[in-house]
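In what follows, a single structure is set out as structure tokens and then discussed.
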Amino acid sequence: GGTTRVATSAPEKTTDVGMTVRFDTNTDKQLPWKFEPLEKSVALNLGETKTVFFRATNLSDHETIGAATFNVTPQKVGQYFNKMECFCFHEQVLRPKESAQLGVTFFIDPALVKDKTADEVRTITLSYTFFRSLDGVPETDSTEIKKSS
């Protein structure tokens with residue numbers, strides 16, 4: 001429960017059913033980063049694609065590598081939350097004092113309204129927690145991010 005899906009394309013149609021997606025961010029104490037959403041929440045309709053950004057800042061004097069875990073609540077709607085692109089698909093490398101805008105593009109499957117166990121949900125919380133990379137070696141394939149020092 002709470003695990004999102006990865007999608008390669010958005011639905012062809014949207015609905016007039018409105019949803020609010022709230023963002024929750026956390027950073028493990030072993031990773032010296034500040035991590036926060038640029039918006040606390042967004043409104044969208046089922047099937048509508050939305051891109052939002054988060055800011056991560058390395059507060060240390062050395063390069064660090066972070067990996068993000070994620071989930072959605074309520075857990076019963078995780079299967080309807082689809083990510084097309086996400087910074088969480090890859091580890092992120094930040095140089096000393098560097099900040100990066102990290103994006104996620106998502107939609108909520110319109111099939112949610114047909115699920116009698118979840119059709120009443122109109123607010124979803126997408127939560128991320130960044131941890132220090134386990135191996136400390138960056139992946140060679142990285143997502144596109146906007147960086148600033």
Side-chain angles (χ1 to χ4, degrees), residues 1-28 30-59 63-95 97-115 118 121-149:
T3 301
T4 64
R5 296 185 183 227
V6 176
T8 56
S9 62
E12 292 183 16
K13 294 182 181 180
T14 62
T15 71
D16 60 356
V17 176
M19 299 290 288
T20 298
V21 178
R22 297 184 306 197
F23 306 108
D24 174 57
T25 56
N26 303 282
T27 307
D28 182 73
Q30 294 183 12
L31 184 65
W33 288 12
K34 180 178 181 184
F35 175 54
E36 60 194 347
L38 296 186
E39 302 174 83
K40 296 285 186 194
S41 65
V42 294
L44 70 158
N45 290 331
L46 293 179
E48 179 183 354
T49 301
K50 198 65 113 167
T51 300
V52 297
F53 291 92
F54 297 78
R55 179 179 297 112
T57 302
N58 179 357
L59 303 174
E63 182 175 276
T64 53
I65 303 167
T69 61
F70 56 87
N71 69 352
V72 296
T73 53
Q75 292 182 352
K76 63 185 176 181
V77 298
Q79 63 186 320
Y80 300 105
F81 199 99
N82 292 267
K83 294 179 183 178
M84 297 173 64
E85 296 288 334
C86 184
F87 64 89
C88 62
F89 295 163
H90 305 278
E91 291 181 335
Q92 302 298 321
V93 179
L94 293 177
R95 293 185 303 267
K97 308 299 184 199
E98 181 179 43
S99 290
Q101 285 190 22
L102 310 173
V104 58
T105 301
F106 65 91
F107 66 89
I108 303 164
D109 191 327
L112 178 123
V113 295
K114 296 178 183 173
D115 183 338
V121 175
R122 293 297 175 264
T123 301
I124 297 173
T125 300
L126 175 60
S127 181
Y128 288 102
T129 300
F130 256 110
F131 294 91
R132 181 181 291 276
S133 171
L134 291 178
D135 61 13
V137 178
E139 297 175 334
T140 55
D141 178 23
S142 62
T143 58
E144 284 189 33
I145 56 177
K146 299 175 187 174
K147 293 187 176 184
S148 63
S149 296

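For the single chain, residues carry numbers from 1 onward in sequence order. Below, all heavy atoms of this structure are taken into account, side chains as well, without hydrogens, waters or symmetry copies.
How far CZ of Arg22 is from OG1 of Thr123: 6.0 Å, rounded to the nearest 0.5 Å. Atom-to-atom distance recorded for Ile108:CD1 and Leu126:CG is 9.5 Å, nearest 0.5 angstrom. Separating the NZ atom in Lys97 from the CG atom in Leu59 is a distance of 6.5 Å, to the nearest 0.5 Å. For the atom pair CZ of Phe130 and CD of Gln30, the computed distance is 15.5 Å after rounding to the nearest 0.5 Å. Rounded to the nearest 0.5 angstrom, Phe81 CZ and Lys83 NZ are separated by 6.5 Å. In this structure, CG in Asn71 is found 9.5 Å from OG1 in Thr125, a value given to the nearest 0.5 Å.
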Mind listing the side-chain donor-acceptor pairs of residues 32-49 below 3.5 Å, one per line with the distance, residues two or more places apart or on another chain?
unit_1, atom_1, unit_2, atom_2, d
Trp33, NE1, Thr64, OG1, 2.5
Asn45, ND2, Thr15, O, 3.4
Glu48, OE1, Asn45, N, 2.9

| Going through the checks in order, is the side-chain contact (heavy atoms from CB on, under 4.5 Å) test met by Gln79 and Asp115? | CA-CA 11 Å; Gln79 63 186 320; Asp115 183 338; 3.8 Å; yes
| field | Working for side-chain contact (heavy atoms from CB on, under 4.5 Å), residues Val93 and Glu63 | value | CA-CA 7 Å; Val93 179; Glu63 182 175 276; 3.5 Å; yes
| request: Give the intermediate values and the outcome of side-chain contact (heavy atoms from CB on, under 4.5 Å) for residues Tyr80 and Ile124. | output: CA-CA 11 Å; Tyr80 300 105; Ile124 297 173; over 6 Å; no
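Residues Val121 and Lys76 share a closest heavy-atom pair of CG2-CE, 3.8 Å. The two residues Phe87 and Ala68 come nearest to each other via the heavy atoms CE1-CB, 3.9 Å. The nearest pair of heavy atoms linking Leu31 to Gly66 is CD2-CA, 4.1 Å. The minimum heavy-atom distance between Val77 and Ala118, with the atom names listed, is CG1-CB, 3.9 Å.
Judged by distance alone, with hydrogens and angles left aside, the side-chain atoms of Asn58 form a donor-acceptor pair with the main-chain N or O of Arg95 at under 3.5 Å.
For Asp24, the side chain to side chain donor-acceptor pair (under 3.5 Å) test picks out Asn26, Ser127, with sequence neighbours left out. Under the rule for a ring pair (Phe, Tyr, Trp, His ring centres under 6.0 Å), the partners of Phe23 that lie at least two apart in sequence or sit in another chain are Phe54.
Between Lys50 and Val21, every side-chain heavy-atom pair lies at or beyond the 4.5 Å cut-off. With a 4.5 Å cut-off on side-chain heavy atoms, Arg122 and Leu112 count as touching.
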